[in-house]
Amino acid sequence: MRATFVAEVNPIKIILFAALLLSPALQNSHATTSVQRDDLNAAHQAYESGEYAKAAQLLQSAAMQNPRDGEIHLFLAKTYYELQQNDAAIVSAEKAVALDPQKSLYHEWLGKAYGEKAGHAGMFSALSLAKKARKEFERAVELDEKNFSAYQALIEFDCSAPGIAGGGEDKARPEIAKLAALDPAEGHYAQGNCRRQKRDFAAAADEFTKALELHPKSVELIYDIGDHAMKHDEPDMLLTVAEQGAHLAPSDPRGLFYRAVAFTLKKERPDESDRLLHEYLQRAPLRSTFPPPWRVHEWLGRLYENQQKTQAAAEEFEASLKLEPKSKYAREALKRLKKG
């Protein structure tokens with residue numbers, strides 16, 4: 001499974017900010033019958049619960065009945081994106097753009113689909129796809145300068161991608177300045193993310209702190225800061241992330257995870273941390289912008305190791321490795337426990 005969040009440094013990978021899943025235009029489309037609306041509602045519910053194959057099947061049917069409804073093609077592109085069916089995601093996003101080239105969100109998601117495929121392609125294909133991704137992000141911003149997730153994607157691309165792929169930090173600097181003028185919190189986040197791409201993690205943390213002080217309006221932005229704080233053992237930042245995220249989106253379970261991680265790093269409230277992590281496992285869908293189950297088992301292992309529950313910790317690290325064999329922390333933790 002692909003990384004859940006933006007990598008600390010990745011010259012091709014594009015930042016993943018989820019846009020509104022089902023737009024008002026789709027919800028209120030007069031072109032759909034009541035039966036079709038029921039199918040779309042069912043697709044929405046399937047997507048929310050992580051049943052992407054079911055959602056795709058329902059949306060394929062809806063697209064056949066409404067081939068000129070760009071919102072359905074966009075929704076289908078998002079669903080294929082979560083299924084990691086990159087070619088299908090590109091085709092659906094391209095259809096949405098062709099139907100309404102003036103929709104900023106359509107161009108943003110086409111850029112994300114190109115970017116995701118670029119991350120898994122060979123060098124020459126990746127370069128071509130990366131250039132296409134940047135072009136779509138740039139067009140999305142041109143169409144709507146307040147499409148901040150597209151702005152962030154464009155800035156991250158320029159901060160991380162080499163010049164041969166169309167990127168370059170010299171391009172990112174004026175973009176960050178323009179974004180900061182529109183929304184200072186978004187600007188600080190963009191600057192922090194750019195520093196993160198350059199592995200200047202201290203500067204990144206400073207900018208992320210400034211962004212949080214301004215109370216960002218994007219829950220995806222907040223929780224991406226949480227990912228940085230988790231990877232760099234910053235529990236106080238994690239608690240701020242959990243608080244602000246829960247305020248913006250009370251039903252989003254990610255706040256549970258980051259609060260538990262903060263307490264585990266502080267070695268405080270172990271019983272509450274245990275409860276929060278298990279609740280997150282039960283509630284969170286498998287989604288590219290959510291901490292995956294293997295990561296949760298890793299933190300349960302760390303929690304139990306803090307409590308000297310060696311057997312329980314080992315079981316959690318083994319569960320983490322079973323889901324993600326590349327987890328270096330879990331592998332080293334198991335070696336450490338066996339030696340002990």
Exercise. Taking C-beta and beyond as the side chain, do Lys78 and Glu82 meet within less than 4.5 Å on heavy atoms?
Worked result: no
Exercise. So does His278 have more than 12 non-hydrogen atoms from other groups sitting under 6.0 Å from NE2?
Worked result: yes
Exercise. About how many Å separate CG of Leu337 and CD of Glu305, when rounded to the nearest 0.5 Å?
Worked result: 4.5 Å
For this session: Would you kindly confirm whether Tyr47 and Leu58 end up in one hydrophobic cluster when ILVMFWY residues are joined by side chain heavy atoms under 4.5 Å apart?
Result: no
Problem set entry | Rounded distance [0.5 Å steps], NZ in Lys328 versus CZ in Arg331 | 9.0 Å
Exercise. How far apart are the closest heavy atoms of Ala249 and Val219, and which atoms are they?
Worked result: CB-CG2, 4.1 Å
Problem set entry | Nearest-0.5 Å distance, OH of residue Tyr223 to CZ of residue Arg254 | 6.5 Å
Exercise. Between Glu186 and Lys178, is there a side-chain N and carboxylate O pair less than 4.0 Å apart?
Worked result: no
For this session: Please say whether more than 12 non-hydrogen atoms of neighbouring residues, nucleotides or ligands are located less than 6.0 Å from CD in Glu51.
Result: yes
Exercise. Relative to the ring of Tyr329, is the ring of Phe317 parallel (under 30°), tilted (30 to 60°) or perpendicular (over 60°)?
Worked result: tilted
Exercise. Mind checking whether Glu94 and Ile90 have side chains closer than 4.5 Å, heavy atoms only?
Worked result: yes
Exercise. If you draw the axis of the six-membered ring of Phe257, does the NZ or CZ of Arg295 fall within 45° of it and under 6.0 Å from the ring centre?
Worked result: no
For this session: Take Lys135 and Glu142, measure what salt bridge (Lys or Arg N to Asp or Glu O under 4.0 Å) needs, and give me the verdict at the end.
Result: CA-CA 10 Å; Lys135 181 179 178 181; Glu142 288 173 353; over 6 Å; no
Problem set entry | Separation of Glu175 CD from Asp170 CG (nearest 0.5 Å) | 9.5 Å
For this session: Apply salt bridge (Lys or Arg N to Asp or Glu O under 4.0 Å) to the pair Lys231 and Asp227, showing each step before the final yes or no.
Result: CA-CA 6 Å; Lys231 290 177 179 177; Asp227 185 59; 3.1 Å; yes
Exercise. Looking only at side chains, do Gln152 and Glu156 share a donor and an acceptor under 3.5 Å apart?
Worked result: no
Exercise. Does CZ belonging to Arg283 count more than 12 external heavy atoms closer than 6.0 Å?
Worked result: yes
Exercise. Between Tyr52 and Leu286, is there a donor-acceptor pair closer than 3.5 Å when you use the side chain of the first and the backbone of the second?
Worked result: yes
For this session: Compare every heavy atom of Ala126 with every heavy atom of Ala121, then report the nearest pair and how far apart it is.
Result: CB-N, 3.9 Å
Exercise. Looking at CD of Glu316 and CG of Leu300, how far apart are the two atoms once the value is rounded to the nearest 0.5 Å?
Worked result: 4.5 Å
Problem set entry | Exam field: side chain Ser92 to backbone Leu74, donor-acceptor pair closer than 3.5 Å | no
For this session: Ignoring hydrogens and angles, tell me if any N or O in the side chain of Thr240 forms a donor-acceptor pair with the backbone of Asp236 under 3.5 Å.
Result: yes
Exercise. Any link between Leu221 and Leu248 through a network of hydrophobic side chains (Ile, Leu, Val, Met, Phe, Trp, Tyr) touching at under 4.5 Å?
Worked result: yes
For this session: Would you check if Tyr80 and Asp87 make a side-chain contact, meaning some heavy-atom pair closer than 4.5 Å?
Result: no
Exercise. Is the shortest side-chain N to carboxylate O distance from Asp224 to Arg196 below 4.0 Å?
Worked result: yes
Exercise. Distance-only, no hydrogens or angles: does the Asp233 side chain make a donor-acceptor pair with backbone N or O of Leu265 under 3.5 Å?
Worked result: no
Problem set entry | Lys146 NZ: over 12 foreign heavy atoms closer than 6.0 Å | no
Exercise. Sub-3.5 Å donor-acceptor pair from the side chain of Arg139 to the main-chain atoms of Pro101, do we have one?
Worked result: no
For this session: Evaluate the ring planes of His228 and Phe201, with Trp represented by its six-membered ring, and classify them as parallel (under 30°), tilted (30 to 60°) or perpendicular (over 60°).
Result: tilted
Problem set entry | Residues Asp158, Arg173: salt bridge by 4.0 Å N-O rule | no
Problem set entry | Cluster check Leu143, Leu182: I/L/V/M/F/W/Y, side chain < 4.5 angstrom | no
Exercise. How close do Gln197 and Ser160 get, heavy atom to heavy atom, and via which atoms?
Worked result: OE1-CB, 3.6 Å
Problem set entry | Hphob cluster co-occupancy, Tyr258 + Leu281, side-chain heavy atoms under 4.5 angstrom | yes
Seminar exercise, completed: Heavy atoms of Ala56 and Thr79 approach each other most closely as N-CG2, 3.7 Å
Exercise. Is the backbone of Gly166 close enough, under 3.5 Å, to the side chain of Arg134 for a donor and an acceptor to pair up by distance?
Worked result: yes
Exercise. Quick one: do Leu179 and Leu214 end up in the same hydrophobic cluster if we chain Ile, Leu, Val, Met, Phe, Trp and Tyr together by side-chain heavy atoms under 4.5 Å apart?
Worked result: no
Exercise. Looking at Lys112 and Glu108, does any basic side-chain N land under 4.0 Å from a carboxylate oxygen?
Worked result: yes
Exercise. Taking NZ, NE, NH1 and NH2 as the nitrogens, is one of them in Lys198 or Glu207 under 4.0 Å from a carboxylate oxygen of the other?
Worked result: no
Problem set entry | Minimum heavy-atom distance between Gly167 and Phe157, given as atom pair plus value | N-CE2, 3.8 Å
Exercise. What distance do Ile222 atom CD1 and Phe208 atom CZ have between them, rounded to the nearest 0.5 Å?
Worked result: 12.5 Å
Exercise. Does any N or O in the side chain of His73 come within less than 3.5 Å of the main-chain N or O of Pro67, such that one atom is a donor and the other an acceptor?
Worked result: yes
Problem set entry | side chain to side chain contact (heavy atoms under 4.5 Å, CB included) between Leu239 and Arg259, worked out | CA-CA 6 Å; Leu239 289 174; Arg259 188 177 298 277; 4.2 Å; yes
Exercise. Are the side chain of Glu298 and the backbone N or O of Ser327 linked by a donor-acceptor pair below 3.5 Å?
Worked result: no
For this session: Identify whether the distance between the nearest side-chain nitrogen and carboxylate oxygen of Asp183 and Lys217 falls below 4.0 Å.
Result: yes
Problem set entry | Donor-acceptor pair, side chain of Tyr81 and main chain of Trp109, under 3.5 angstrom | no
Exercise. Can Gln45 and Asn41 be counted as having a side-chain donor-acceptor contact under 3.5 angstrom?
Worked result: no
